[in-house]
Amino acid sequence: NAGVTQTPKFRVLKTGQSMTLLCAQDMNHEYMYWYRQDPGMGLRLIHYSVGEGTTAKGEVPDGYNVSRLKKQNFLLGLESAAPSQTSVYFCASTAELGSYNEQFFGPGTRLTVL
Amino acid sequence: DAKTTQPTSMDCAEGRAANLPCNHSTISGNEYVYWYRQIHSQGPQYIIHGLKNNETNEMASLIITEDRKSSTLILPHATLRDTAVYYCIVRVLLRGSTLGRLYFGRGTQLTVWP
């Protein structure tokens, strides 16, 4: 199993450009998450999904959109990139709702917006 | 509004035990304590979790106080590869949802020196 994979690994955008980050998991997990991590900070939740076809906002959703058309994929879109969105983006997935909630993380996408 | 408090940094000699403390005084009765680590900007990696009993696995031991207001992660024989940021986490319910997510604060930077 590959676990959680993310593409691309690195990207540089100009202000106003758009892009989509892809997260894929092969563990048949129901729940998927997108986080961002800024230098010296912990992870902040952008959006999450509780199953195919569903998405919801996390704590920092502004400027991002997501889609979960297939169970194994969770896409994060930036419609008009801004320098404040320069960050490392992590995707995670987990199998079950409940008190035990181990999340499996991807390797991250490092995004720079000029 | 992190639910946990950790020291910003610690260091440890290689081969010695690393003891990482965490305070979680507002933890609810059915909430687990999780520990993750993040090595050099990679995706966070699960270490261990516990509810009220001490736990041990191949990576570490988790000691939770009887009142559950604090815990200690123990790496029994630290190696240079254990240098990482260690996150002590309790699950936070997402607003308007029964779905919990892991709230990552800033963690403890553990440096293992030769």
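Proteins come first, then strands; the chains are lettered A, B, ... in the order of their sequence lines, and each starts at number 1.
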Novice: Under 4.5 Å heavy-atom distance to chain B, tell me which part of A:Gln37 shows up: side chain, backbone, both or neither.
Specialist: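 The side chain, not the backbone.
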Novice: Is B:Trp35 reachable from B:Val112 through a run of hydrophobic residues whose side-chain heavy atoms are each under 4.5 Å from the next?
Specialist: yes
Novice: Could you tell me if the side chain of A:Phe90 sits less than 4.5 Å from the side chain of B:Gln42, heavy atoms only?
Specialist: no
Novice: Would you mind checking which part of B:Gln45 comes under 4.5 Å of any heavy atom in chain A, side chain (CB onward), backbone (N, CA, C, O), both or neither?
Specialist: neither
Novice: Determine the minimum heavy-atom distance between A:Met41 and B:Tyr87, stating which atoms define it.
Specialist: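 Minimum heavy-atom separation between A:Met41 and B:Tyr87: O-OH, 4.1 Å.
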Novice: Which value, rounded to the nearest 0.5 Å, describes the distance between A:Gln103 atom CD and B:Ile89 atom CD1?
Specialist: 8.0 Å
Novice: In the hydrophobic cluster built from side-chain contacts under 4.5 Å, what are the other members alongside A:Leu75?
Specialist: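 Direct or chained contacts put A:Leu75 with A:Leu22.
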Novice: For the residue pair A:Tyr35 and B:Tyr36, is the inter-centroid distance of their aromatic rings smaller than 6.0 Å?
Specialist: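 Aromatic pair excluded; centres sit 6.0 Å or further apart.
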Novice: In chain order, what residues pass the salt bridge (Lys or Arg N to Asp or Glu O under 4.0 Å) check against A:Lys71, with sequence neighbours excluded?
Specialist: A:Glu30
Novice: Give a yes or no on whether A:Glu52 atom CD has more than 12 heavy-atom contacts from other residues, nucleotides or ligands under 6.0 Å away.
Specialist: yes
Novice: Clusters formed by hydrophobic residues whose side-chain heavy atoms approach within less than 4.5 Å: which one holds A:Val4, and what are its other members?
Specialist: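 A:Val4 shares its hydrophobic cluster with A:Met27, A:Phe104.
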Novice: Are B:Leu62 and B:Leu75 linked, directly or through other ILVMFWY residues, by side chains that come within less than 4.5 angstrom of each other?
Specialist: yes
Novice: Could you name the residues of residues 106-114 of chain A that have a heavy atom within less than 4.5 Å of a heavy atom in chain B?
Specialist: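 Listed by number: A:Gly106, A:Pro107, A:Arg110.
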Novice: Can you tell me how far the CZ atom of B:Phe104 sits from the CZ atom of A:Arg44, to the nearest 0.5 Å?
Specialist: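 Going from the CZ atom of B:Phe104 to the CZ atom of A:Arg44 covers 14.5 Å.
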